[in-house]
Amino acid sequence: MSSAATLRADAAHIPLVLDMMEDFNAGEEIPWDRGAVEASLRRLLADASLGFVVVAVTARGLEGYAVVTFNYDLEFRGRDAFVTELYVRPAARGAGLGRLLLASAEAMAVEEDARALHLLVRPDNTRAIALYRASGFVQTPRVMMTKELAAAAPVVAGIEHEGGKVGRKDQ
């Protein structure tokens with residue numbers, strides 16, 4: 001890996017992080033609204049109790065990011081954290097930045113007293129699964145399920161809810 005560093009994102013990083021988020025969400029086929037996401041990102045960066053964003057920086061500039069949000073779970077006897085997004089620009093992949101972002105996200109979560117770190121990955125993303133396993137993540141015997149609440153419905157237009165399944169209408 002070339003010389004790279006990670007740091008906690010701040011307001012100055014918002015435009016570049018949003019550009020990468022747009023690429024991430026397009027690749028994941030997740031409906032995306034830059035204005036709505038920008039407002040949520042600004043709130044996250046302004047309130048450390050919600051979580052944080054860590055960015056990877058190389059000589060070429062900002063090359064990746066991870067979003068980590070907090071929860072409280074009795075199973076883990078306290079705060080836990082969720083990596084909701086991890087993205088490295090395609091030109092920078094394979095240089096260890098994903099591993100660096102995960103390690104930094106974990107260290108920052110531990111500093112914030114998180115007792116577990118979770119993430120989701122598509123079953124067909126074998127490269128990411130290998131990275132996560134190598135970083136100590138294990139598959140749990142549970143299935144992640146989501147129910148969007150009425151207040152969130154306008155933010156995620158394009159999501160189908162028939163039969164209790166959350167997914168894109170075109171799937």
Side-chain angles (χ1 to χ4, degrees), residues 1-71 76 79-140 144 146 156 167-168 171:
M1 169 178 28
S2 62
S3 179
T6 58
L7 56 120
R8 200 176 284 243
D10 60 28
H13 297 110
I14 289 173
L16 291 174
V17 170
L18 286 170
D19 290 344
M20 289 187 288
M21 286 180 162
E22 186 169 10
D23 290 343
F24 171 84
N25 284 280
E28 291 288 310
E29 299 180 354
I30 298 170
W32 198 77
D33 176 320
R34 187 178 183 104
V37 172
E38 180 174 350
S40 295
L41 177 59
R42 286 185 182 282
R43 181 174 177 203
L44 175 63
L45 295 178
D47 185 349
S49 73
L50 297 175
F52 57 88
V53 177
V54 57
V55 293
V57 182
T58 70
R60 294 185 306 213
L62 212 62
E63 296 286 2
Y65 72 93
V67 176
V68 178
T69 59
F70 295 126
N71 184 42
F76 298 104
R79 180 179 260 190
D80 61 345
F82 209 105
V83 178
T84 64
E85 294 183 22
L86 175 69
Y87 178 81
V88 175
R89 291 185 192 275
R93 292 180 185 163
L97 292 178
R99 184 175 293 104
L100 179 64
L101 281 164
L102 271 179
S104 294
E106 179 179 338
M108 290 177 186
V110 167
E111 286 174 10
E112 298 290 340
D113 201 31
R115 296 171 177 252
L117 187 59
H118 314 281
L119 54 78
L120 293 175
V121 61
R122 290 182 182 266
D124 61 341
N125 193 344
T126 56
R127 189 172 177 183
I129 291 169
L131 168 64
Y132 301 147
R133 285 188 175 141
S135 298
F137 287 83
V138 296
Q139 188 171 344
T140 63
M144 176 76 165
T146 301
V156 289
R168 291 190 40 87
Q171 289 181 333

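From a predicted model like this one, the values you see are computed outputs, not experimental measurements.
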_Exercise: identify the closest heavy-atom pair between D23 and Y87_ = CB-OH, 3.3 Å
*Show your working on side chain to side chain contact (heavy atoms under 4.5 Å, CB included) between D19 and R34 and close with a plain yes or no.*
CA-CA 9 Å; D19 290 344; R34 187 178 183 104; 3.0 Å; yes
*Report the distance from atom CG of L18 to atom CZ of R42, rounding to the nearest 0.5 Å.*
8.0 Å
*When you measure from the centre of the six-membered ring of Y65, is the NZ or CZ of R89 under 6.0 Å away and within 45° of the axis?*
no
*asked:* As an exercise, state the distance from CE of M20 to CG of L62, rounded to the nearest 0.5 Å.
replied: 4.0 Å
*Side-chain contact, heavy-atom cut-off 4.5 Å: V55 with L7?*
yes
_Gap separating the CD atom of E63 from the CG atom of L101, nearest 0.5 angstrom_ = 10.5 Å
*Could you give the distance from CZ (R127) to CZ (R93), rounded to the nearest 0.5 Å?*
7.0 Å
*asked:* Is it the case that the side chain of R99 and the backbone of S135 share a donor-acceptor pair, with hydrogens and angles ignored and the cut-off at 3.5 Å?
replied: no
*Does the side chain of D10 reach to within under 4.5 Å of the side chain of H13, using non-hydrogen atoms?*
yes
*Rounded to the nearest 0.5 Å, what's the gap from CG on L117 to CE on M108? Could you check?*
12.5 Å
*Where is the tightest heavy-atom contact between F52 and L44, given as atom of each residue plus distance?*
N-CD1, 3.8 Å
_Minimum heavy-atom distance A4-L97, with the two atoms named_ = CB-CD2, 3.5 Å
*Can you name the nearest heavy-atom pair linking V54 to S104, along with the distance?*
CG2-CB, 4.0 Å
_Show the nearest heavy-atom pair for residues V121 and A128, with the distance to one decimal._
CG2-CB, 3.8 Å
*Do Y132 and L102 come within less than 4.5 Å of each other through their side chains, counting heavy atoms only?*
yes
*asked:* Taking R43's backbone N and O only, do any of them form a donor-acceptor pair with D47's side chain (distance below 3.5 Å, no angle check)?
replied: no
_Closest approach of P123 to I129 (non-hydrogen atoms, all atoms of both residues)_ = O-CD1, 3.6 Å
*Step by step, would you call T140 with H118 a side chain to side chain contact (heavy atoms under 4.5 Å, CB included)?*
CA-CA 10 Å; T140 63; H118 314 281; over 6 Å; no
_CD-CZ distance between Q139 and R133, expressed to the nearest 0.5 angstrom_ = 6.0 Å
*Quiz item: cation-pi between R79 and F70, 6.0 Å / 45°*: yes
*pair L120-F82: side-chain heavy atoms closer than 4.5 Å*: yes
_Verdict with reasoning, L86 to L119, per side chain to side chain contact (heavy atoms under 4.5 Å, CB included)_ = CA-CA 9 Å; L86 175 69; L119 54 78; over 6 Å; no
